Trainee: 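Pasting a structure here, questions to come.
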Amino acid sequence: MRIGVVLFVLGLSGAQTPPTPAPYTLFSSEGRRPVPARLISGQEMFSLDDLASVFQLALKEDSLAGGLIVTARGQSIVLTPGQSLASVGGRLISLPTAPVKDGKSWFVPVDFVPRALAPTLGTRLELRKASRLILVGDVRVPRIAGTVEPQGSLARLTLDVSAPTPHAVSQDGNRLVVKFEADALDAALPASSVPDLIQAIRPGDGPASLVVELGPRFGTYRASDLPGDRGTVRVVIDIIAATTNPNPGSTPAPAPSPPDTPPLLDIAPSGGIRTIVVDAGHGGTEDGARGPSGTLEKNVTLSVARRLKAALESRLGVRVILTRDADTLVELDERAALANNNKADLFVSLHANASVRASAAGAEVFYLSLEEYGDQAQRVAKGETEALPVFGGGSRDIEVILWEMAQARYIEQSAVLAQSVEAALREKIPMSPRAIQQAPFRVLVGANMPAVLVEMGFITNAEQEKQLTSDAFQVSIVQALVDSIVRYRDRPATRTGVAGAAAPRAGGGLRP
Amino acid sequence: MPRRTVVIGAIALLAIAGAAWLAFSRPWRQPADAPAGTSATPPTTTSDTRKITGTLYYVSEDGMSLVGVQREVPFGETVLDQARHIVVAQLGDAPGPFVSAVPPGTTLRGVFLTDRGDAFVDLSGEARTRHTGGALDELFTVYAIVNALTMNLPAVKRVQILVEGKEVDTLAGHVDLRHPLQKNLKWVRTDKTEKG
């Protein structure tokens, strides 16, 4: 039986812990019930008596050892006063603080529920401290974080949803209703800074829904879904102003089409990553690999590249350039040159693999190997310079970098990027046994920025061929690539600088 | 009978030269850095049928690596001849259960050697036109040939692949073929060397 739906709405400023903490709400398929919490020595604690009543636990004091044995479903949790370790079915787990005995009652830190009780009961027990929730079993209560941003003649409402949740946006008079297929919403809703377009955002009347109260300048709206970080989904709703004065009878203004190339932002919005070149492998007369049903690699790479461009631009606010946006032949040199001439910060080349073995499957991530390029490339990679004679005698150490080996100085960063891409892809799609490899790939060697080549799967494998052409698989790849770039951007080592920004770029010009 | 003496002398000289040639010229054998477990077959006595044992490379059963296989290859009088025989053998059929790493129909147009130990292997156009187009397969094609020469012939340090007599950027859009490549065993399965 589906439970009743409740909306939990938090202020954006975050809940402050009151002296007597608010009770938690236990949310299961059987309904809701409060579980009181208590502050002891600054720690939020549950009474074990309360938990015993909720979860049918048996409590038995061990008079010899002075501890307490909690039994559920035949498994025991052994607690000892003063010890922040508990034995759960013979395995030790740590708690933020030791259990406390107060009179006849035992109190345990709230984290006892997910850390000790969940493995004992063999069920999901998710503790959400900020929203005072304990979720039991398979109840669906996605977290939603909203923001409102004015963008010229429109206001953009962005809802980051913690898990892929089917939803629908519809207009109902002077309000928009966003309905989610969930048992409840754990939402942090923003105040509107654009009251003439969005008056307010509030919980809806229906099950797991939100309502956007529209302002007087509302003309029309458009809603779209984008992949978010770490499996989240971003619902973007643009509230677009009417072109004329507000008039109930006027025709809504058409949605403005996004510019082909978003303007560069003055302040790098993405940790120094401003421009990303996405390379759709092959094209034109170069079909690339061919699947058993005739799918061509060049078409798969272009489709994913276009999706990736849209996702990166919306999510990261970066400029994304495609090496080709049509079925055209682009030389390998031109692809790297396009990235170099646009001072791209990352180069991502998309491909689909092929094998003489129909069973071969899985994605692979490549970055350049230098060993094939001899000693000079190795020296460049190590940052070594060459002493060249100068007029007037003597010599000067000068970095000499052949354009065609521009990638040499970015090998380490490319390796980090490749690892990030591999890790993110592994979360969403099947990987080959050789998930990360180094190879002397022609398209990478001239790239003057961190660069990877992604083989998204084996198009020669009949099952993978179907996957590679499916929307769901392509969206998964795009989500993973966006995630990986966010993780790469946000990795600790580059928080203070742009990857590779300190290094001078190699001299320009295509190799003839 | 001076004429008979001269003829007999000439025959004797030829016989001695032939014996010396047989005694001192040894068919090419595996180099010292060949994979463990490989060994040369005993030389046979006639040049037409003499063989050497070399390690050739084929695509594994799962398609994810190369496998080194010991196979008999015709003996070549010179390094260049031997290189030619090795490449021809490498382009030929694969022993079961493996698959050739080189596109079907690919033939050898020529092999050239430089004093620096660079070998240029000129393949027919099928190397490009009949390739599966996969990056991994392309690596296998290239390194089956590069490794077959560099592992079996110590005199060959690097290999550059040409197609139809010309330098090419790549075979299928990935592996950089603008430079001679050194041997690289990272795509070779290391657990065993098969007997072919």
Side-chain angles (χ1 to χ4, degrees), chain A residues 279 281-283 286-291 296-298 301 329-333 335 349 351-362 364-366 368-369 371-374 376-377 404-405 407 432-435 437-446 453-455 457-461 511, chain B residues 58-67 94 97-104 106 116 118 128-144 146-147 150 157-161 167-189:
Chain A
D279 174 39
H282 307 281
E286 301 279 355
D287 290 340
R290 180 188 291 264
L296 298 180
E297 180 186 1
K298 66 177 182 179
T301 59
L329 176 66
V330 181
E331 295 296 335
L332 295 172
D333 264 333
R335 297 172 192 249
S349 184
H351 286 255
N353 221 332
S355 174
V356 290
R357 300 289 195 185
S359 61
E364 298 176 332
V365 184
F366 287 89
L368 189 72
S369 63
E371 55 199 270
E372 288 81 0
Y373 293 94
Q376 186 179 9
E404 68 170 22
M405 287 184 194
Q407 180 61 200
S432 133
R434 294 169 176 265
Q437 301 182 60
Q438 278 186 275
F441 281 168
R442 177 78 173 79
V443 76
L444 298 178
V445 68
L453 186 148
V454 181
E455 293 282 354
F458 279 81
I459 202 168
T460 42
N461 177 309
R511 180 178 179 269
Chain B
Y58 301 96
V59 180
S60 63
E61 301 94 308
D62 64 359
M64 303 310 288
S65 61
L66 288 173
V67 179
F98 308 116
V99 176
S100 175
V102 183
T106 303
R116 297 173 57 188
D118 287 347
R128 299 187 78 185
T129 57
R130 299 190 64 182
H131 203 279
T132 64
L136 202 56
D137 270 2
E138 193 178 351
L139 286 163
F140 293 164
T141 307
V142 170
Y143 281 103
V146 171
N147 291 340
T150 53
K157 306 295 183 194
R158 305 189 303 172
V159 178
Q160 181 163 4
I161 293 173
E167 276 193 23
V168 288
D169 272 10
T170 68
L171 287 183
H174 310 93
V175 182
D176 194 343
L177 294 183
R178 293 171 302 163
H179 315 273
L181 296 167
Q182 299 168 18
K183 73 181 167 196
N184 191 329
L185 299 179
K186 66 183 166 191
W187 288 283
V188 179
R189 199 167 73 191

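By convention in this document, chain letters (A, B, ...) are assigned in the order of the sequence lines, proteins followed by strands, and residues within each chain are numbered from 1. All figures in this text were calculated on a predicted structure; none of them were measured in a lab.
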Trainee: So which atom in A:A354 and which in B:G133 form the shortest heavy-atom distance, rounded to 0.1 Å?
Mentor: CB-C, 4.2 Å
Trainee: Sequence neighbours excluded, which residues qualify as side-chain hydrogen bond (donor to acceptor under 3.5 Å, both in side chains) partners of B:D137?
Mentor: B:T132
Trainee: If I take atom CZ from residue A:R442 and atom CG from residue B:D169, how far apart are they, to the nearest 0.5 angstrom?
Mentor: 4.0 Å
Trainee: In plain terms, say whether B:K186 and A:E371 are close enough for a salt bridge, that is, a side-chain N and a carboxylate O under 4.0 Å apart.
Mentor: yes
Trainee: Under the side-chain contact (heavy atoms from CB on, under 4.5 Å) rule, what do B:S65 and A:R434 come out as? Steps first, then yes or no, please.
Mentor: CA-CA 9 Å; B:S65 61; A:R434 294 169 176 265; 3.4 Å; yes
Trainee: Relative to chain A, which segment of B:P180 carries a heavy atom at a distance below 4.5 Å: side chain, backbone, both, or neither?
Mentor: backbone
Trainee: Which one wins on heavy-atom pair count under 4.5 Å against chain B: A:Q437, A:E331, A:E286?
Mentor: A:Q437
Trainee: Of all heavy-atom pairs between A:A360 and B:D62, which one has the smallest distance, and what is that distance?
Mentor: CB-O, 3.9 Å
Trainee: Please report the closest heavy-atom contact between B:M64 and A:P433, naming both atoms and the distance.
Mentor: CE-CD, 3.7 Å
Trainee: At a heavy-atom separation under 4.5 Å, does A:S369 approach chain B through its side chain, its backbone, both, or neither?
Mentor: side chain
Trainee: Distance check, rounded to the nearest 0.5 Å: A:L332 atom CG versus B:R178 atom CZ?
Mentor: 9.0 Å
Trainee: Could you tell me which portion of A:T460 (side chain, backbone, both or neither) has an atom closer than 4.5 angstrom to a non-hydrogen atom of chain B?
Mentor: neither
Trainee: What residues form a ring pair (Phe, Tyr, Trp, His ring centres under 6.0 Å) with B:Y58, not counting sequence neighbours?
Mentor: none
Trainee: Quick one: what part of B:A172 sits under 4.5 Å from any heavy atom of chain A, side chain, backbone, both or neither?
Mentor: backbone
Trainee: For side-chain contact (heavy atoms from CB on, under 4.5 Å), just list the numbers for A:F441 and B:D176, CA-CA rounded to whole Å, side-chain angles, deciding distance to a tenth of an Å, and then say yes or no.
Mentor: CA-CA 5 Å; A:F441 281 168; B:D176 194 343; over 6 Å; no
Trainee: Which pair of heavy atoms, one from A:R357 and one from B:S60, lies closest together, and at what distance?
Mentor: NE-O, 2.8 Å
Trainee: Parallel, tilted or perpendicular: which describes the rings of A:H282 and B:H174, with under 30° parallel and over 60° perpendicular?
Mentor: perpendicular
Trainee: Looking at B:L139, B:N184, B:L181, B:L136, which makes the most heavy-atom pairs under 4.5 Å with chain A?
Mentor: B:L136
Trainee: What part of A:Q438 gets within 4.5 angstrom of chain B, counting heavy atoms only: side chain, backbone, both, or neither?
Mentor: both
